[in-house]
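Everything below concerns the one structure shown next.
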Amino acid sequence: MALHKLGKDPESPVNNSPTVYYDDETGNYVLQGWKVVDEKRLSQMDVPAHETVIEFPRRMMQFFPEVSRGTTEL
């Protein structure tokens, strides 16, 4: 498996950036973001114990190839 960093949040402080990665083995994206801990927000979701919820800014969508190039291929 090789993760490819597609982009970090350009507006976040150093070492505190949400990041978008692409996994070339699975074809999935791996997202690093702010952990959601707000119980009110979490109570509106059904999150299994083996999953977590993260948040990242809308401006990060530019790093997804489907958005930036209009294709699903990297």
Side-chain angles (χ1 to χ4, degrees):
M1 170 178 80
L3 289 179
H4 303 274
K5 186 187 297 184
L6 300 181
K8 288 188 104 176
D9 182 0
E11 295 184 25
S12 283
V14 177
N15 297 324
N16 195 23
S17 298
T19 307
V20 176
Y21 298 91
Y22 176 74
D23 181 330
D24 66 8
E25 185 174 301
T26 66
N28 293 329
Y29 294 104
V30 177
L31 305 176
Q32 173 188 334
W34 303 298
K35 186 175 182 179
V36 176
V37 294
D38 179 350
E39 291 299 324
K40 183 176 180 182
R41 293 169 77 196
L42 290 171
S43 71
Q44 299 177 54
M45 298 180 253
D46 183 19
V47 184
H50 66 278
E51 295 182 0
T52 191
V53 177
I54 66 157
E55 181 174 0
F56 67 102
R58 174 182 252 174
R59 62 184 169 266
M60 298 280 299
M61 294 301 293
Q62 67 180 310
F63 299 117
F64 290 92
E66 295 86 350
V67 174
S68 63
R69 292 189 295 241
T71 178
T72 57
E73 295 183 34
L74 288 174

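Remember, predicted model here, so these are calculated numbers, not experimental data. Computation of the quantities below employed the complete heavy-atom set of this structure, encompassing side-chain atoms and omitting hydrogens, waters and symmetry-equivalent molecules.
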side-chain hydrogen bond (donor to acceptor under 3.5 Å, both in side chains) with Gln62: which residues, sequence neighbours excluded? none
At what distance, to the nearest 0.5 angstrom, does CE of Met60 lie from NZ of Lys8? 9.0 Å
Using a 6.0 Å cut-off, check whether atom CG of Asp38 has over 12 heavy atoms from anything other than its own residue. yes
Heavy-atom pair with the smallest gap, counting every atom of Gly33 and Pro18: CA-CB, 4.1 Å
Do the side chains of Ile54 and Val36 join up, straight or via other hydrophobic residues, at under 4.5 Å, putting them in one cluster? no
How close do Tyr29 and Glu66 get, counting heavy atoms only, and between which atoms? OH-OE1, 2.6 Å
Val53 to Val47 - nearest heavy-atom pair and separation: CG2-CG2, 3.4 Å
Side chains of Pro10 and Phe63 in contact at under 4.5 Å (non-hydrogen atoms): yes
For Pro57 against Asp9, the heavy-atom pair lying closest together: CG-OD2, 3.3 Å
Looking at every heavy atom in both Ser17 and Gln32, which two are closest together, and how far apart are they? O-NE2, 3.2 Å
Is any side-chain heavy atom of Val20 closer than 4.5 Å to one of Leu31? yes
Could you check whether any side-chain heavy atom of Phe56 comes within less than 4.5 Å of a side-chain heavy atom of Met61, counting everything from C-beta outward? yes
Thr19 OG1 to Lys5 NZ distance, which is reported to the nearest 0.5 Å: 6.0 Å
